Number of protein chains: 2
Amino acid sequence: MTTYNIGVEATMEIIGGKWKAIILCHLRHQAMRNGELRRAIPQITQKMLTQQLRELEHDGIISRTVFDQIPPHVEYALTARGDSLSGLLNQLCRWGEALIDSRRAAGEQITLRHRDDVNLLPPEDAHGAENQKG
Amino acid sequence: MTTYNIGVEATMEIIGGKWKAIILCHLRHQAMRNGELRRAIPQITQKMLTQQLRELEHDGIISRTVFDQIPPHVEYALTARGDSLSGLLNQLCRWGEALIDSRRAAGEQITLRHRDDVNLLPPEDAHGAENQKG
DNA sequence: TGCCTTACGCACCTTTTAGTGCCTATGGAG
DNA sequence: CTCCATAGGCACTAAAAGGTGCGTAAGGCA
């Protein structure tokens, strides 16, 4: 018998850890191959990527599709259940972006490579200019 | 120079880990004392609670107010920046609740003590073509 | 005096998570 | 033949996260 005190515990079991939320954020927009994910997340090791993908697959969040080719071709994509996380993942990205903005505005040396969307952070920062993606 | 590839990395640095999101979820509704949080999160140890609260305070997410009394009285509350997480925290709770519901519906022995809100998860879904390598 | 309360520091130990290096398989290019 | 690319298994090690136990402070109370 598994007992949770509050729903967030179950959510964090699935998207917690250093890599899972990052992987899922990349998979929001399109299915990706192992190598594409590795390039999108340069710091991750092959071992960790495989391990995290296996766990997400086991939890029913992503699907793994093997194209029987040489060299191997495997694609990972969000399942319906994974897709139900996309609003949450968007918010995780946007909140982080706003945090980075406000820290940079406060003089910290911070950069962000891939921006998703815009500001939703509090007072410390007057709201900034909006940024359109192409 | 700190560099992030995607916003979610910054967010997870702050609410990641086993306890932080849980603590923040409890603080969404009211300020709480050390002992209240400990009772609300029975599995956490005093050391971990203190440590996580310190980190959240350092990150500007919660405030720590000391009432100069004997015995000591200290209250923790979300700051404006912490409060900007509340929508996100609500979603983390609700998604987890929906996941627990669907697992219980699938026959798993799962319970949830404190419920926040309702369903936003999809039905158990068959995922796409999944080939197995042999 | 000795024990209650609350909050929390610190040293030490265990468990979990993450990283490194080496190995397989296959067909084509050189 | 050897090397390339792709995906990833497996053994071992390093680092981070988490847990245990003990000590402090200061006033109230039996």
Side-chain angles (χ1 to χ4, degrees), chain A residues 2 4-5 8-10 12-24 26-27 31-59 62-77, chain B residues 2 4-5 8-24 26-27 31-59 62-77 128-134:
Chain A
T2 310
Y4 296 97
N5 290 291
V8 66
E9 293 173 17
M12 294 307 282
E13 274 186 12
I14 289 187
I15 65 162
K18 190 170 176 180
W19 303 112
K20 286 184 182 169
I22 298 172
I23 291 169
L24 292 173
H26 286 290
L27 292 176
M32 292 176 78
R33 302 179 55 173
N34 179 313
E36 292 178 304
L37 283 166
R38 235 179 28 223
R39 281 185 288 277
I41 314 172
Q43 300 77 13
I44 203 170
T45 60
Q46 177 61 57
K47 174 193 159 182
M48 289 311 296
L49 180 56
T50 303
Q51 185 179 301
Q52 304 299 301
L53 289 169
R54 289 288 181 282
E55 290 176 15
L56 289 168
E57 187 191 3
H58 174 262
D59 289 334
I62 64 173
S63 62
R64 176 171 181 271
T65 307
V66 178
F67 296 84
D68 205 2
Q69 301 177 356
I70 297 290
H73 180 154
V74 179
E75 274 187 10
Y76 298 93
Chain B
T2 309
Y4 296 97
N5 291 291
V8 65
E9 292 173 16
T11 307
M12 294 307 283
E13 274 186 14
I14 290 189
I15 66 163
K18 191 169 175 180
W19 303 113
K20 285 182 181 168
I22 299 173
I23 292 168
L24 293 173
H26 285 291
L27 292 176
M32 292 176 77
R33 302 179 56 172
N34 179 311
E36 293 179 302
L37 283 166
R38 234 180 28 226
R39 282 185 289 278
I41 313 171
Q43 299 80 10
I44 203 172
T45 59
Q46 177 59 59
K47 173 194 160 181
M48 288 312 296
L49 180 56
T50 303
Q51 186 179 301
Q52 303 299 300
L53 289 169
R54 287 288 180 282
E55 291 177 16
L56 289 168
E57 186 192 4
H58 175 263
D59 289 332
I62 64 172
S63 63
R64 177 170 179 273
T65 309
V66 178
F67 296 84
D68 205 1
Q69 302 177 356
I70 298 291
H73 180 156
V74 179
E75 273 186 11
Y76 298 93
E130 265 180 294
N131 302 342
Q132 244 63 286
K133 281 189 84 170

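Just so we're on the same page: letters track the sequence lines, and every chain starts at 1. Note that the coordinates shown come from a computational prediction; the quantities given were computed from them, not determined experimentally.
Atom pair A:Leu53:CG and D:dT6:P shows a separation of 16 Å (rounding to whole Å applied). The interatomic distance linking A:Asp68 (CG) with D:dT6 (C1') rounds to 13 Å, in whole Å. Remark: P of D:dA7 and CZ of A:Arg38 are 7 Å apart, rounded to the nearest angstrom. Atom C1' of nucleotide C:dT16 and atom CD of A:Glu13 are separated by 14 Å, given to the nearest angstrom. A:Ile23 has its CD1 atom 14 Å from the P atom of C:dT17, to the nearest Å. Per the geometry, NE2 belonging to A:His73 stands 18 Å off P belonging to C:dG27, to the nearest Å.
The side chain of B:Arg33 places an N or O atom within less than 4.0 Å of a non-bridging phosphate oxygen (OP1 or OP2) of C:dA7.
Taking the side chain of A:Arg54 as heavy atoms from C-beta on, and the options D:dG9, C:dC8, D:dA7, the nearest nucleotide is D:dG9.
Residue-level contact check: B:Arg64 touches the backbone only, with heavy atoms under 4.0 Å from sugar-phosphate atoms and none from bases. If you check every strand for non-hydrogen atoms under 4.0 Å, A:Tyr76 touches sugar and phosphate atoms only.
A:Arg33 pairs by the side-chain contact (heavy atoms from CB on, under 4.5 Å) definition with A:Glu36, A:His73, A:Glu75, not counting sequence neighbours. For B:Glu13, the side-chain hydrogen bond (donor to acceptor under 3.5 Å, both in side chains) test picks out B:Tyr4, with sequence neighbours left out. Evaluation of the side-chain hydrogen bond (donor to acceptor under 3.5 Å, both in side chains) rule for B:Gln51 yields no partner, not counting sequence neighbours. Not counting sequence neighbours, the partners of B:Thr50 by the side-chain hydrogen bond (donor to acceptor under 3.5 Å, both in side chains) test are B:Gln46. Under the salt bridge (charged side-chain N to carboxylate O under 4.0 Å, His left out) criterion, B:Glu57 pairs with no residue at all, not counting sequence neighbours.
Remark: of the listed residues B:Ile44, B:Ile22, B:Leu53, B:Leu53 is the sole one forming a side chain to side chain contact (heavy atoms under 4.5 Å, CB included) with B:Leu37.
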Nucleotide by nucleotide, nucleotides 17-27 of chain D touches protein heavy atoms under 4.0 Å in the pattern (B base, S sugar-phosphate only, - none) -BBB-----BS
